[in-house]
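Position 1 is the first residue of the sequence, and the numbers go up from there.
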Amino acid sequence: MEKSKFCAHFLNGSAEAWSSYRQAINLAQDVLYKNFATLPQPFSGIQVEELASLLETEEICPEKGKDLTDVLKYIGEAVLKHSVAVHHPACSAHLHCPPLTAALAAETMISAANQSMDSWDQSPAATMLEEKIVHWLCRLFYGDGRSGDGVFTSGGTQSNLMGLLLARDRFLKERLGWNVKEKGLPAEANKMRILCSEAAHFTVKQAAALLGLGENAVIKIRTDQNFRICLHHLDQQLHYLRSQGLMPFALAATAGTTDFGSIDPLHECSIRARQFGLWLHVDAAYGGALILSDQHKHQLDGIEAADSITVDFHKLFYQPVSCGAFLVKDATCFDLLKSHADYLNPEEDELLGVPNLVGKSIQTTRRFDALKLFVSMQVIGHSQFAGMIDHTLDIAQAAAQMITDDPRLQLINPHPSLNAVVFRYLPCKKTEGSEQLPRQNQINRAIRRSLLHSGKVVLAQTKVNGMYCLKLTMLNPRITLSDVKCILDQVKQAGSQYEA
């Protein structure tokens, strides 16, 4: 049989190809260990201009290819060394987790097998395993779960969009007998309203815009002292909207706000959703992992009543980016989304019981991300997963107390529901009158920049009632109270320098 001259560049069963693959993987592992896994601090501190200059010198596509050893060495020096070390305990800024080693092993299989999750003939075993995991997720979140369904997504943004898309289309179909997929939006669409808390993720407004309803269709509800949706204000707004002839159709509750990790009262939200005929979507991208914890899953009470749920695995499930899921309580809701393409998922496949997952997704080509979650669950097990989550929440509570006890710091969210702690540095030198808050904001902003540029600590920032605040997002199960103390000491040290 004639052998292609390109054989060694692709995975196949030949000795030459397999040798090439193993060499490439071993080289990548060595570079990763030397330039990333062993980084002594969470960031190199390199400035934007310096990094741009470092990357500018390399030609993207040279006329003749280079040796892989040289290419990967360059990547290690120019890219990996200057990436944020998500595995370092002092990398505590965003909802950006250290990935499990088991998931990294699965990633090598996912990339090499390169299954495309849109049609059965592109991903037969992968399709079956994703469906098996989705049904497990439905049982976790919905209890029985037999009528539910779902699909893996790129994350919360896509899942939130899908929830509000189905909510919009079902409302118009049942209320006005209108088929949005065929006819577009009716004139009455300008009266449609979505309700969510003022602490909800920005993608609720983004989804409203993308769905043709406009950002003004989103009604923001005030939050209480714990940054959860205020039920009294929610009731007021629901009755007011109805009195004005407007059409509230969806309530987007949050189980884990980005800044504070706050969880809306889901049971009470579900009561109001039923009373007013609203689609209840729960954005549990951050807090959904609590479902694994016997100690903390009570915070999700009421989520089983949700029409749709967003859950991300690249947060507290410790999966590499990207990996999320969108779940629905009633599988028939996906009929609102379904389309058929003769080359991909013909209608006869459905009659024959052939599962083509593209009918449940707004993506076509899609990675086999379910595999890394499956491998992780198999290796870590339920109890150890719960233990990791519980540990980070315990550390967050202790960190909040540590900040409360320190006169140089101010805690903003006194009772963290998850593992996000918002605080700020209080200058020793008091500024009088109207200059006090701007001066405090200036110092806190400078603290974060200074720590990032030093590479010692990567903290997040946010604003609360005009106050510039710092945020610890402690997703990392490796974090200890000693690490927290070290981070806070660095904050105070940087603050003192800016006061001097």
- Item | Contacts of S44 that satisfy side-chain contact (heavy atoms from CB on, under 4.5 Å) - sequence neighbours left out | I46, H82
- Where does the angle between the aromatic ring planes of F276 and H239 fall among parallel (under 30°), tilted (30 to 60°) and perpendicular (over 60°)?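 Perpendicular: the ring planes of F276 and H239 meet at over 60°.
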If we only count heavy atoms from C-beta on, is the [X] to [Y] side-chain gap below 4.5 Å?
X    : Y    : answer
L290 : I389 : yes
T310 : L327 : no
L475 : T392 : no
D390 : Q295 : yes
V464 : C469 : yes
K173 : R168 : no
L459 : K471 : no
I263 : T254 : no

Indicate the atoms forming the closest heavy-atom contact of [X] with [Y], along with that distance.
X    : Y    : answer
A208 : V218 : CB-CG2, 3.6 Å
P416 : N413 : CD-O, 3.7 Å
G455 : P42  : O-CD, 3.1 Å
A252 : V204 : CB-CG2, 4.3 Å
S92  : I487 : OG-CD1, 4.2 Å
K360 : D149 : NZ-OD1, 3.0 Å

Any donor-acceptor N/O pair, [X] side chain to [Y] backbone, under 3.5 Å:
X    : Y    : value
N441 : G466 : yes
T257 : S262 : yes
Y318 : N476 : no
N35  : V31  : yes
D312 : H314 : no
Q299 : K297 : no
Q461 : R445 : no
Y468 : K463 : no
Q47  : G45  : yes

Rounded at 0.5 Å granularity, tell me how far [atom1] in [X] sits from [atom2] in [Y].
X    : Y    : atom1 : atom2 : value
L238 : L251 : CG    : CG    : 7.5 Å
I229 : K220 : CD1   : NZ    : 10.5 Å
S496 : R408 : OG    : CZ    : 4.0 Å
I395 : L472 : CD1   : CG    : 11.0 Å
S308 : D330 : OG    : CG    : 11.5 Å
Q397 : M402 : CD    : CE    : 12.5 Å

Under 4.0 Å between a Lys/Arg side-chain N and an Asp/Glu carboxylate O for [X] and [Y]?
X    : Y    : value
R367 : E107 : yes
K492 : D406 : yes
K485 : D489 : yes

- List the steps, then state whether side-chain contact (heavy atoms from CB on, under 4.5 Å) holds for R448 with Y425. CA-CA 10 Å; R448 179 181 174 274; Y425 174 82; over 6 Å; no
- Tell me, with the steps shown, if K372 and M377 meet side-chain contact (heavy atoms from CB on, under 4.5 Å). CA-CA 9 Å; K372 57 194 179 192; M377 289 295 172; over 6 Å; no
- Task: Show your reasoning for whether side chain to side chain donor-acceptor pair (under 3.5 Å) applies to R424 and Q440.
- Result: CA-CA 9 Å; R424 64 185 187 136; Q440 290 177 345; 2.8 Å; yes
- Y74 and E58: side chain to side chain donor-acceptor pair (under 3.5 Å), yes or no, with the steps? CA-CA 9 Å; Y74 169 76; E58 201 67 18; 4.6 Å; no
Under 6.0 Å between the ring centres of [X] and [Y]?
X    : Y    : answer
F313 : F152 : yes
F227 : H415 : no
H87  : F36  : yes

Flag if over 12 foreign heavy atoms under 6.0 Å of [atom1], [X]:
X    : atom1 : answer
H232 : NE2   : no
N216 : CG    : no
K34  : NZ    : no
H453 : NE2   : yes
D405 : CG    : yes
R222 : CZ    : no
E56  : CD    : no

- For H281 and N160, test the side chains for any donor-to-acceptor distance below 3.5 angstrom and give the result as yes or no. yes
- Regarding Q363 and S154, is there a side-chain donor-to-acceptor distance under 3.5 Å anywhere? no
Under 3.5 Å, which donor-acceptor pairs link side chains of residues 184-196 to any protein atom two or more places apart or in another chain?
from	atom 1	to	atom 2	distance (Å)
R193	NH1	N190	O	3.0

- Where do H94 and T473 land on the side chain to side chain donor-acceptor pair (under 3.5 Å) test, with the steps shown first? CA-CA 6 Å; H94 300 283; T473 311; over 6 Å; no
- Task: Please test L292 against F317 for side-chain contact (heavy atoms from CB on, under 4.5 Å), starting from the C-alpha separation and ending with a verdict.
- Result: CA-CA 10 Å; L292 297 176; F317 285 84; 3.6 Å; yes
- Query: Would Q442 and R439 satisfy side chain to side chain donor-acceptor pair (under 3.5 Å), going step by step from the backbone distance to the final call?
  - Reply: CA-CA 5 Å; Q442 183 183 26; R439 176 61 177 156; 3.1 Å; yes
- Return each pair, listed once, that meets side chain to side chain donor-acceptor pair (under 3.5 Å) where at least one residue sits in residues 267-278; pairs must be two or more places apart or across chains.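 For residues 267-278: D235-R272.
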- T203: which of T157, L161, L210 passes side-chain contact (heavy atoms from CB on, under 4.5 Å): T157
